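Any value given below was found using the heavy atoms of this structure, including those in side chains, with hydrogens, waters and symmetry copies removed. As the structure is a computational prediction, the values presented were derived from the model and not from experiment.
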Amino acid sequence: MKMFFWLLLSIFIHAGQSQFNLHTEVDIGGCFDTTTDEFVHCAAVEKECEEIGNVRFRSAKQLKFIELDPCTPEQLVVGTCGDTGACALTEDACDDPSQFVAPMREDDGITSGECKARGIIIENVFRPTQYGGCKDGVTGNVACMLTPDDCTKYEAWIPASAAEKLQQGGCRCNDVRVGLCSGGAHGGNGQGRCAISQDDCEFSAFVPPADVLSHPALLDCRLCD
């Protein structure tokens, strides 16, 4: 009888841990040509859109509004740090931002052998894309984030290579925290809905990733699941 009780208890604890440790992947937006009304390519942040013509960033919510499917991490092509060859979302991930090389987008934004949000396969070896993070000025803890704008006033942005030295595995796609839309008309369930920016929250408030991280009861929102 005691053995049966402990077996049930262990199953309950395991189920609870799985529930609370479950990552929720966020929908991703893209770059849209407002002149031709054509989708250009996927983009997680506005900085990824070319500063040419009338190309503008559209959040995942805005893409849905014009009846386009939001992007996924598998579709998100990223650039590289030219001095190291490491995959990078934007120049913020590079030690020297001036060395950032935007991805080639000649084949509709997706070609084999290119860096993706999760990483790249080179000679049958998977190399994860590394992201930067926010380092706490007091504790030294690193929170993996998309951009320097996600850091609080008590934190400093560090590039991907620095984050990789400070914590095992560095900051991979599934480590990168994003925000959420709080509960409301379009906030999903009581926990909210994962979002990258306020543009994803039509009738609810945007909760920044740092605030989501400090409230365990909220969804564990990540760039990748």
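The distance from the SG atom of C115 to the CD1 atom of I121 is 11.5 Å, given to the nearest 0.5 Å. Taking NZ from K116 and SG from C173, the interatomic distance works out to 12.5 Å, rounded to the nearest 0.5 Å. Remark: F32 CZ to L68 CG distance equals 6.0 Å, nearest 0.5 Å. How far SG of C87 is from CD1 of I120: 5.0 Å, rounded to the nearest 0.5 Å. From D150, atom CG reaches atom CZ of R177 across 12.5 Å, with rounding to the nearest 0.5 Å. Between the OH atom of Y131 and the CG atom of L223 there is a distance of 5.0 Å, given to the nearest 0.5 Å.
Donor-acceptor pairing under 3.5 Å is lacking for the side chains of T147 and D92. Counting only N and O atoms by type, the side chains of S59 and D199 include no donor and acceptor under 3.5 Å apart.
Between I158 and V142 the shortest side-chain heavy-atom distance falls below 4.5 Å. Within the 4.5 Å cutoff, no side-chain heavy atoms of R222 are placed close to those of T24. Annotation: side chain of Y154 is not in contact with side chain of C134 (no heavy-atom distance under 4.5 Å). Using a 4.5 Å heavy-atom threshold, the side chains of S182 and S204 count as touching. You'll find the side chain of Q167 stays beyond 4.5 Å of the side chain of D175, heavy atoms only.
F39 is connected to F65 through a chain of hydrophobic side-chain contacts under 4.5 Å among Ile, Leu, Val, Met, Phe, Trp and Tyr, so both are in one cluster. V212 and L219 end up in the same hydrophobic cluster when Ile, Leu, Val, Met, Phe, Trp and Tyr side chains are linked at under 4.5 Å. V78 is connected to V45 through a chain of hydrophobic side-chain contacts under 4.5 Å among Ile, Leu, Val, Met, Phe, Trp and Tyr, so both are in one cluster. Cluster membership for I28 and M145, using ILVMFWY side-chain heavy atoms within less than 4.5 angstrom, is not shared.
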Checking C221 against V26 for the side chain to side chain contact (heavy atoms under 4.5 Å, CB included) test, could you report, in this order, the C-alpha distance in whole Å, the side-chain angles of both residues, the deciding distance, and whether it holds? CA-CA 7 Å; C221 294; V26 70; 5.8 Å; no

Check the pair L146, V178 against side chain to side chain contact (heavy atoms under 4.5 Å, CB included), reporting the backbone distance first and the verdict last. CA-CA 7 Å; L146 269 178; V178 297; 4.1 Å; yes

With side chain to side chain contact (heavy atoms under 4.5 Å, CB included) as the test, would you mind laying out the steps for K47 and E91 before giving the verdict? CA-CA 9 Å; K47 190 177 288 188; E91 67 264 28; 3.4 Å; yes

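Of the possible donor and acceptor atoms, none in the side chain of D83 sits under 3.5 Å from a partner among the backbone N and O of D96. When atom types are taken as modelled, the side chain of T80 and the backbone of G85 share no donor-acceptor pair closer than 3.5 angstrom. Panel note: side chain Q130, backbone A160; no donor-acceptor pair is recorded below 3.5 Å. For the pair E48 (side chain) and A44 (backbone), a donor-acceptor distance under 3.5 Å is present.
Atom CG of D69 sits in a sparse spot, with 12 or fewer heavy atoms from other residues, nucleotides or ligands closer than 6.0 Å.
Scanning both residues, D200 and K61, for their nearest heavy atoms gives OD1-N, 3.2 Å. When every heavy atom of C224 is checked against every heavy atom of P73, the shortest pair comes out as SG-CB, 3.5 Å. Residues D211 and V207 come closest through the heavy atom pair CB-CG1, 3.7 Å. Between G170 and C144 the shortest heavy-atom distance is O-SG, 4.2 Å. What you find for A93 and P159 is that their closest heavy atoms are O-CB, 3.6 Å.
As summarised for C42 and C31, their two SG atoms remain at a distance no smaller than 2.5 angstrom, missing the threshold. Distance check for C194 and C181: the SG atoms are not under the 2.5 Å cut-off.
Using a cut-off of 4.0 Å between Lys/Arg side-chain N and Asp/Glu carboxylate O, K64 and D27 are scored as salt-bridged. Between E74 and R118 there is a salt bridge, since at least one side-chain N of the basic residue sits less than 4.0 Å from a carboxylate O of the acidic one. Ion pairing between a basic and an acidic side chain is recognised when a charged N comes within 4.0 Å of a carboxylate O; E46 and R56 show no such pairing.
Partners of D33 under the side chain to side chain donor-acceptor pair (under 3.5 Å) rule, at least two apart in sequence or in another chain, do not exist in this structure.
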